[in-house]
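Inspection log for the structure reproduced underneath, given as structure tokens.
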Amino acid sequence: MICYQCGCNLSEHDFCTSCGADVALYKKIMYISNRFYNEGLERANVRDLTGAITSLRQSLKFNKNNVEARNLLGLVYFETGEVVAALSEWVISKNLRPKKNIADDYIDMIQTNQNRLDAINQTIKKYNQALTYCNQDSLDLAVIQLRKVLSLNPRFIRAHQLLALLFINNEEWEKAKRELTKCIEIDTNNIATLRYLKEVDEMLMPEDGVKNPSKKKHKSEDIVKYQSGNETIIQPVNMKEGKGVTSLLNLGLGMLIGVAIAVFLILPARIQTAKASVDENLRKVSEQSDAKTATIDELQLQVEQLTESNNNLQQDLEAYLGTDGTLRSVDSLMKAAGAYLTNPEEVTVVADYLEEIETQNAEGETNNSEAFENLYNTLLALLGPDIAKSYYDDGYEAYRQENYADAIANLEKAYKYDANNGDALYNLANSYKYAGEQAKAKEAYRQVIELFPGTEKARKSVTFLEEMENAQ
């Protein structure tokens with residue numbers, strides 16, 4: 001034991017012989033910490049892991065720098081399946097004593113094995129998912145998740161206990177007892193496990209029947225008494241009938257006793273041994289069956305997800321393809337280019353094909369090649385002003401006839417194909433205004449003022465915009 005103030009070794013005195021510090025209380029605290037550590041070690045040796053955890057925590061309360069207690073606590077946690085808690089204790093221990101600390105080996109044992117580390121992560125995720133399923137009252141899914149957890153970490157006590165509770169909830173008492181028995185094998189004195197096991201045993205144990213009263217044996221033998229000196233001789237009557245009969249009776253009685261001994265002593269032991277062997281084989285088969293069931297359920301879920309994904313992809317592909325199996329946008333672009341090459345004057349036909357491309361791209365077909373984009377942009381550059389003029393003429397005519405719905409549709413396209421067409425934007429704003437779409441009208445007037453300043457259209461737009469805002 002070293003002095004807490006100067007670090008020198010302490011003697012039997014209640015003060016430090018080096019610095020003179022009073023270490024009487026310090027020694028008592030260290031002794032108490034070591035006593036709890038020894039108690040935790042003894043409990044761990046007899047697999048009383050819950051008691052060991054309690055004792056080791058008490059030891060660390062008195063001396064948080066007790067590296068041996070902290071390492072042992074990590075081992076106990078690891079044995080109960082609490083890998084994260086174990087790693088926490090070992091990391092703290094390593095920070096307290098960086099060199100010559102066995103915690104380094106424990107940490108490397110887990111971190112250097114990628115498969116084990118992945119299994120630990122999966123165990124934590126699946127256990128948390130099982131808790132979520134329990135809170136959502138999806139108990140069957142919780143059972144599946146817990147079986148997966150235990151296939152990855154068979155010593156995880158909390159998973160065994162939760163699975164046993166689910167079996168108890170479903171009144172599957174034998175399965176619940178099997179899980180709780182596994183917990184007892186890991187930790188012999190876990191309070192929660194013992195409480196659950198008591199409830200299960202009460203449901204499994206049949207009520208004791210009323211014992212039949214023992215029959216009294218009555219002696220009905222006739223006896224003969226006679227005096228021989230000072231002693232009284234008592235002799236059964238059948239002894240008078242001869243020693244031969246008595247010998248036969250004794251021989252038969254001996255055989256019966258031998259058979260009874262074989263039946264009541266030897267045979268039950270053999271039956272118990274055979275039953276234990278059958279139970280062990282049944283346990284192994286049950287564990288293998290649980291693991292296979294969990295794997296089958298997981299594979300079934302993957303098949304359903306892949307089937308759904310395949311159907312979605314098939315629907316997307318059908319949406320992208322035309323009747324002949326080609327991309328619809330490519331087909332529309334080829335038609336537009338063909339129409340332009342055949343008759344350049346028919347700009348409205350080309351415009352219709354370009355509109356189809358815009359619609360298809362809006363639906364999600366946007367993975368176009370560089371050649372596609374180049375041809376599309378070339379057509380827009382060549383025919384954009386002519387297409388805009390065609391739409392503008394139709395839109396302006398509809399505007400004059402107060403058919404504002406058609407005017408808006410055509411003027412929007414005219415401005416889209418020719419952003420320099422200020423008349424299209426100005427008349428579109430007027431159409432919005434008279435159609436009652438005040439917000440769109442204000443936005444269009446603001447664009448006229450911003451994009452075409454100093455023009456008559458901008459001056460009128462300012463006037464209309466002020467009138468609309470004052471009207472509110």
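- Closest approach of Ala86 to Phe78, counting heavy atoms only: CB-N, 3.7 Å.
- Partners of Arg178 under the salt bridge (Lys or Arg N to Asp or Glu O under 4.0 Å) rule, at least two apart in sequence or in another chain, do not exist in this structure.
- With sequence neighbours excluded, the residues forming a side-chain contact (heavy atoms from CB on, under 4.5 Å) with Asn113 are Asn115, Arg116, listed by chain and number.
- Legend: residues meeting side-chain contact (heavy atoms from CB on, under 4.5 Å) with Val46, ordered by chain and number and at least two apart, are Asp48.
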Inset, instruction - Report the C-alpha distance between Asp201 and Lys177 in whole Å, list the side-chain angles of each, state the deciding distance to 0.1 Å, and finish with yes or no for salt bridge (Lys or Arg N to Asp or Glu O under 4.0 Å). - result: CA-CA 8 Å; Asp201 287 339; Lys177 184 171 183 178; 3.4 Å; yes
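- Closest approach of Thr193 and Leu180 over heavy atoms only: CG2-O, 3.6 Å.
- Between Asn34 and Asn66 the shortest side-chain heavy-atom distance falls below 4.5 Å.
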Inset, instruction - Would you sort out whether Glu443 and Lys440 count as a salt bridge (Lys or Arg N to Asp or Glu O under 4.0 Å), showing the intermediate values? - result: CA-CA 5 Å; Glu443 182 63 26; Lys440 291 184 178 181; over 6 Å; no
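- Screening residues 99-129 for ring-ring contact (aromatic ring centres under 6.0 Å, His included) gives Trp90-Tyr106, Tyr127-Phe156 as the qualifying pairs, with residues at least two apart or on separate chains.
- A donor-acceptor pair is defined here as one N or O able to donate and one able to accept, closer than 3.5 Å; no such pair exists between the side chain of Asn169 and the backbone of Leu165.
- Between the side chain of Ser59 and the backbone N or O of Ser55 there is no donor-acceptor pair closer than 3.5 Å.
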Legend entry - Trace of the side chain to side chain contact (heavy atoms under 4.5 Å, CB included) decision for Tyr432 with Glu412: CA-CA 11 Å; Tyr432 282 141; Glu412 284 179 345; 2.3 Å; yes
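- Every side chain to side chain donor-acceptor pair (under 3.5 Å) that Ser93 has, sequence neighbours left out, goes to Asn71, Asn101.
- Within the 4.5 Å cutoff, no side-chain heavy atoms of Arg283 are placed close to those of Asp279.
- For Gln136, the CD atom sits in a packed shell: over 12 heavy atoms of surrounding residues, nucleotides or ligands are nearer than 6.0 Å.
- Contact of the Gln161 side chain with the Asn190 side chain is registered, since non-hydrogen atoms from C-beta on lie closer than 4.5 Å.
- In this structure, Asn95 contributes its side chain and Val91 its backbone to a donor-acceptor pair below 3.5 Å.
- Asn128 CG: more than 12 foreign heavy atoms inside a 6.0 Å radius.
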Legend entry - Criterion salt bridge (Lys or Arg N to Asp or Glu O under 4.0 Å) on Glu79 and Arg47, from CA distance to verdict: CA-CA 10 Å; Glu79 184 66 13; Arg47 299 204 69 81; 2.8 Å; yes
Legend entry - Stepwise side chain to side chain contact (heavy atoms under 4.5 Å, CB included) test for Glu185 and Thr181: CA-CA 6 Å; Glu185 292 174 356; Thr181 302; 4.1 Å; yes
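- The structure places CE of Met30 at 9.5 Å from CG of Leu25, a figure rounded to the nearest 0.5 Å.
- A donor-acceptor pair under 3.5 Å is formed between the side chain of Asp187 and the backbone N or O of Thr50.
- Across all their heavy atoms, Val76 and Ala44 have their closest contact at CG2-CB, 4.4 Å.
- Legend: residues meeting salt bridge (Lys or Arg N to Asp or Glu O under 4.0 Å) with Lys182, ordered by chain and number and at least two apart, are Glu179, Glu287.
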Legend entry - Test log, rule side chain to side chain donor-acceptor pair (under 3.5 Å), inputs Glu437 and Tyr404: CA-CA 11 Å; Glu437 299 183 25; Tyr404 299 117; over 6 Å; no
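- In this structure, the side chains of Ile168 and Glu199 stay at 4.5 Å or more apart for every pair of heavy atoms.
- For the pair Glu39 and Arg43, the salt-bridge criterion is met [side-chain N within less than 4.0 Å of a carboxylate O].
- At least one side-chain heavy atom of Leu299 sits under 4.5 Å from a side-chain heavy atom of Gln302.
- Judged by distance alone, with hydrogens and angles left aside, the side-chain atoms of Arg70 form no donor-acceptor pair with the main-chain N or O of Ile92 at under 3.5 Å.
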Inset, instruction - Go through Phe167 and Trp173 one step at a time and tell me if the side chain to side chain contact (heavy atoms under 4.5 Å, CB included) criterion holds. - result: CA-CA 7 Å; Phe167 286 145; Trp173 310 109; over 6 Å; no
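- A search for salt bridge (Lys or Arg N to Asp or Glu O under 4.0 Å) contacts involving Arg57 returns nothing, not counting sequence neighbours.
- Heavy atoms only, all atoms of each residue included: Val149 and Ala159 are closest at CG1-CB, 3.9 Å.
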Inset, instruction - Would you sort out whether Asp118 and Gln114 count as a side chain to side chain donor-acceptor pair (under 3.5 Å), showing the intermediate values? - result: CA-CA 6 Å; Asp118 293 340; Gln114 186 62 37; 2.9 Å; yes
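- Within the 4.5 Å cutoff, no side-chain heavy atoms of Asn189 are placed close to those of Ile184.
- Interatomic distance, CG of Leu60 versus OG of Ser33, reported as 6.5 Å (0.5 Å rounding).
- Applying the side chain to side chain donor-acceptor pair (under 3.5 Å) test to Asp297 and every residue at least two apart in sequence or in another chain returns nothing.
- One N or O on the side chain of Ser151 and one on the backbone of Lys148 form a donor-acceptor pair closer than 3.5 Å.
- Note: Leu56 CG to Leu72 CG = 4.5 Å, rounded to the nearest 0.5 Å.
- By the salt bridge (Lys or Arg N to Asp or Glu O under 4.0 Å) test, Glu68 is found to be paired with Arg97, residues two or more places apart in sequence or in another chain being considered.
- At distances below 3.5 Å, at least one donor-acceptor pair connects side-chain atoms of Thr307 with backbone N or O atoms of Val303.
- Not counting sequence neighbours, the partners of Tyr445 by the side chain to side chain donor-acceptor pair (under 3.5 Å) test are Asn430.
- When all heavy atoms of Val200 and Ala176 are compared, the pair lying nearest together is CG2-CB, 4.1 Å.
- In this structure, Glu450 places its CD atom where only 12 or fewer heavy-atom neighbours from other residues, nucleotides or ligands lie under 6.0 Å away.
- Salt bridge Lys442/Glu469: absent, no basic N to carboxylate O contact under 4.0 Å.
- Qualifying side chain to side chain donor-acceptor pair (under 3.5 Å) partners for Lys433, counting only residues two or more places apart in sequence or in other chains: none.
- A side-chain donor-acceptor contact under 3.5 Å links Thr112 to the backbone of Asp108.
- Applying the side-chain contact (heavy atoms from CB on, under 4.5 Å) rule to Glu304 yields the partners Gln300, Leu301; only residues at least two apart in sequence or on another chain are considered.
- Considering every non-hydrogen atom in both Leu451 and Tyr415, the closest pair reads CD1-OH, 3.1 Å.
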Inset, instruction - Show your reasoning for whether side chain to side chain contact (heavy atoms under 4.5 Å, CB included) applies to Leu150 and His160. - result: CA-CA 8 Å; Leu150 293 175; His160 281 297; 3.5 Å; yes
